[in-house]
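Encoded as structure tokens, the structure appears first; notes follow it.
Since this is a predicted model, take the numbers as computed values, not measurements.
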Amino acid sequence: MNNFFGMLARMKYIHRWGLMRNTINENIAEHSLEVAVIAHALAVIGNVRLGKHLNEEHIAMMGIMHDTTEIITGDLPTPIKYYAPEIRDAYKRVEHIAANQLLSEIPEDMQDSYRNILIEDDSEEWKYVKAADKLTAYIKCIQERHTGNTDFSKAETATKKVLDEMQMEEVEIFIRDFLPSYTKTIDEISK
């Protein structure tokens, strides 16, 4: 017990996009920070521009923790994870077991504070984290393409389709207002 934070420190060892040729390598610690920042931004957009009442900081924390199960499971590439419904459903069960295992590594008196940021459910808040997760994948694809890496072309198209199907106005606003800056150079951003 009390191994939770030691396990979280291992997020930097789990690499993403294992089946793809990467120009820019990424681990789940880096990815989780990006998801948290974008999930927070989506919640702010929802609150400020669309009149919602979301807990922005809680959603950001969920973003930080959303892939912690991969410390135990590793990063299963999307084409494998969704190859067949049986694999998808089995992996969801494995993720649930891993999340509960991580929760058990926290002292009992602290577990309630971590349960709703470790255990994924169908809440409105998790929709923002899932959207941010897809947005980071879409951004990764765009950035790889801009370096001349065409391995991400189909993933970019497929990920954009998933984002469109989410029909979240916050995602549309983020893509319109903020996505263009991801392909700018530091000199272009600094102007």
Which heavy atom of [X] sits nearest to which heavy atom of [Y], and what is that distance?
| X | Y | value |
| --- | --- | --- |
| Lys184 | Ile189 | CB-CG1, 3.7 Å |
| Asp133 | His66 | OD1-NE2, 3.3 Å |
| Ile106 | Phe4 | CG1-CG, 3.4 Å |
| Tyr128 | Ile59 | CB-CG2, 3.9 Å |

- Message: Grouping I, L, V, M, F, W and Y whenever their side-chain heavy atoms are under 4.5 Å apart, do Ile175 and Phe152 come out in a common cluster?
- Response: no

- Item | Hphob cluster co-occupancy, Tyr13 + Met7, side-chain heavy atoms under 4.5 angstrom | no

Output a table of donor-acceptor pairs, distance under 3.5 Å, between side-chain atoms of residues 86-98 and any protein atom two or more places apart or on a different chain; print 'none' if there are none.
unit_1	atom_1	unit_2	atom_2	d
Tyr91	OH	Thr73	OG1	3.0
Tyr91	OH	Gly74	O	3.4
His96	NE2	Asn100	ND2	3.1

Which donor-acceptor pairs under 3.5 Å do the side chains of residues 32-51 make with protein atoms, sequence neighbours left out?
unit_1	atom_1	unit_2	atom_2	d
Ser32	OG	Ile28	O	2.7
Asn47	OD1	His53	N	3.3
Asn47	OD1	Leu54	N	2.7
Asn47	ND2	Leu54	O	3.0
Asn47	ND2	Glu56	OE2	2.7
Arg49	NH1	Asp177	OD2	2.6

- Could you tell me the separation between the CE atom of Met168 and the CD atom of Glu170, rounded to the nearest 0.5 Å? 4.5 Å

- Query: Is there a donor-acceptor contact under 3.5 Å from the side chain of Glu125 to the main chain of His58?
  - Reply: no

- By side chain to side chain donor-acceptor pair (under 3.5 Å), Ser153 pairs with (sequence neighbours left out) none

State which residues pass salt bridge (Lys or Arg N to Asp or Glu O under 4.0 Å) with [X]; sequence neighbours excluded, sorted by chain then number.
| X | result |
| --- | --- |
| Glu70 | none |
| Lys12 | none |
| Arg16 | Glu26, Asp67 |

- Query: Hey, are Lys160 and Glu156 close enough for a salt bridge, meaning a charged N less than 4.0 Å from a carboxylate O?
  - Reply: no

- Query: Do other residues, nucleotides or ligands put more than 12 heavy atoms under 6.0 Å from the CZ atom of Arg10?
  - Reply: no

